[in-house]
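We're numbering straight along the sequence, starting at 1. Order of listing sets the numbers, starting from 1, for every ligand and every atom in it.
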Amino acid sequence: MQFIDLQSQQERIRGAIMENIARVLAHGQYILGPEVRELETRLAEFVGTKHAVSCASGTDALLMPLMAYGVGPGDAVFTTPFTFVATAEVISLLGATPVFVDIDPVTFNMDPERLKDAVTALKECNPKTHPLPKGFEKLTPRGVIAVDLFGQCADYGRINAVARAHGLFVIEDAAQSFGAEYKGARACSLADVAATSFFPAKPLGCYGDGGMVFTDSDDMASVLDSIRVHGKGSDKYDNVRIGINGRCDTLQAAILLAKFAIFPEEITLRQDVASRYSELLGASGKVVCPSVSPGNLSAWAQYSVLCEDRDRVLNALKAEKIPSAVYYPKPLHVQTAYAYLAYRQGDFPASEHAAARIFSLPMHPYLCAQDQERIAATVLRSVA
Ligand SMILES: *Cc1c(COP(=O)(O)O)cnc(C)c1O
């Protein structure tokens with residue numbers, strides 16, 4: 001059994017993937033070839049933004065808009081400690097400071113009330129009302145990176161309102177939520193800028209690294225276009241700003257075009273898999289199944305549950321050769337890399353509570369009912 005079965009998907013569309021790869025080998029435009037533009041056009045149309053700028057990874061898709069906003073030393077960017085490290089890493093890479101905001105314990109996404117508290121505490125230099133990082137006295141609030149964890153969109157209605165009231169930009173980290181919906185709008189269209197990832201295991205993955213930035217802003221799109229090619233101006237030997245080599249490979253775009261053709265259907269299949277898990281596990285009372293807020297459609301990047309006896313369950317799954325994973329065992333505020341911010345255990349109780357109890361079960365569009373029944377039986381037997 002696979003945790004994420006990419007092989008079943010490949011078997012469905014191998015012909016189209018091979019044809020698309022062959023077309024790239026024939027035209028030879030390996031860098032920013034026609035498939036890159038085609039993918040940008042199609043995905044912008046799908047999510048409902050004016051622009052899409054593809055790039056080399058989900059991490060670059062977060063880094064580039066921060067660079068475009070001119071984020072640097074002395075700037076505070078609010079984000080969640082319960083996420084993959086890349087979300088906060090890009091803030092630190094630019095010399096800015098991540099200011100962590102605890103999650104909603106039900107959705108695992110940034111709690112808009114805590115965001116309000118954090119911004120106010122920072123503006124008033126008052127760490128008594130919200131935990132603040134070392135050096136907070138010298139920080140200026142600049143923006144927010146909210147994360148759509150496990151495929152469910154954060155509450156952008158409320159997050160954007162808090163940000164607007166304080167003049168902050170909002171970036172949607174949609175690395176796990178491509179294909180999700182929030183109140184009738186698609187993930188990647190919910191903030192000033194959104195970043196997604198095409199890492200193979202993400203809902204829409206390529207066969208290597210890739211990412212994309214989405215925005216309605218013409219200015220942002222044109223700066224991103226420059227940043228991804230070393231800060232180019234009129235051409236790549238005219239350098240008007242500091243940029244990176246952040247391009248998406250034509251071959252990866254060609255593969256993604258073949259995968260995107262069946263992507264909407266796969267999102268539907270993911271709903272079926274998730275509902276079946278919830279039916280099988282929900283009634284036990286021993287496992288807390290994921291909860292999707294009204295108006296949301298999750299992309300189900302992960303099916304993550306909470307259990308008081310996590311180690312027992314993980315061992316039982318392992319004994320049955322059923323793959324599982326823990327996203328994430330250690331929140332960022334207690335990671336060694338962030339020791340310099342001098343946060344303490346206890347600062348973000350909802351993140352710490354989730355990190356101690358959460359684990360993810362196999363999740364992909366091709367997971368069959370028999371496998372799910374075996375997984376659920378193993379989980380339930382181990383908590384009985
Ligand atoms: C995967 C992921 C990223 C980084 O994407 P890469 O393509 O691996 O660079 C960023 N944020 C979150 C929440 C992710 O899950």
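- Per-residue contacts place V147 under 4.0 angstrom from the following atoms of ligand 1 (heavy atoms of the residue considered): 13 (C).
- Atoms of ligand 1 found under 4.0 Å from any heavy atom of S197 (numbered from 1 in listed order, with element): 5 (O), 6 (P), 7 (O).
- Close approach to A86 involves these atoms of ligand 1, each under 4.0 Å from a residue heavy atom: 4 (C), 10 (C).
- There is a path of hydrophobic side-chain contacts, each under 4.5 Å, that joins F198 to I267.
- Within a 6.0 Å sphere centred on CG of L25, other residues, nucleotides and ligands contribute more than 12 heavy atoms.
- Listed by atom number, the atoms of ligand 1 under 4.0 Å from Q176 heavy atoms are 13 (C), 14 (C), 15 (O).
- Applying the side-chain hydrogen bond (donor to acceptor under 3.5 Å, both in side chains) test to pairs two or more places apart or on separate chains, those with a residue in residues 82-95 are T83-T87, T87-D173, S92-Y338, S92-Y340.
- Considering only non-hydrogen protein atoms, atom 14 (C) of ligand 1 sits nearest to K202 NZ, 2.9 Å.
- Heavy-atom proximity to T83, at under 4.0 Å, picks out these atoms of ligand 1: 13 (C).
- Ligand-side atoms of ligand 1 in range of A175: 2 (C), 3 (C), 10 (C), 11 (N), 12 (C), 14 (C), 15 (O), range being under 4.0 angstrom from any heavy atom.
- Proximity to G58 (heavy-atom distance under 4.0 Å) selects the following atoms of ligand 1: 5 (O), 6 (P), 7 (O), 9 (O).
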- Task: Could you give me the CA-CA distance, side-chain angles and deciding distance for Q345 and E352, then say whether side chain to side chain donor-acceptor pair (under 3.5 Å) is met?
- Result: CA-CA 8 Å; Q345 184 78 23; E352 292 166 22; 3.3 Å; yes
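- Annotation: D173 places an N or O atom under 3.5 Å from an N or O atom of ligand 1; distance criterion only.
- Contacts between T59 and ligand 1, counted as non-hydrogen atom pairs separated by less than 4.0 Å, involve both the backbone and the side chain.
- With ring centers used as reference points, F348 lies 6.0 Å or more from F82.
- Hydrophobic clustering (ILVMFWY, side-chain heavy atoms < 4.5 Å, transitive): L204 and L269 are in distinct clusters.
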- Task: Just do the side chain to side chain donor-acceptor pair (under 3.5 Å) check on Y156 and D148 with the steps written out, would you?
- Result: CA-CA 10 Å; Y156 290 95; D148 304 341; 2.6 Å; yes
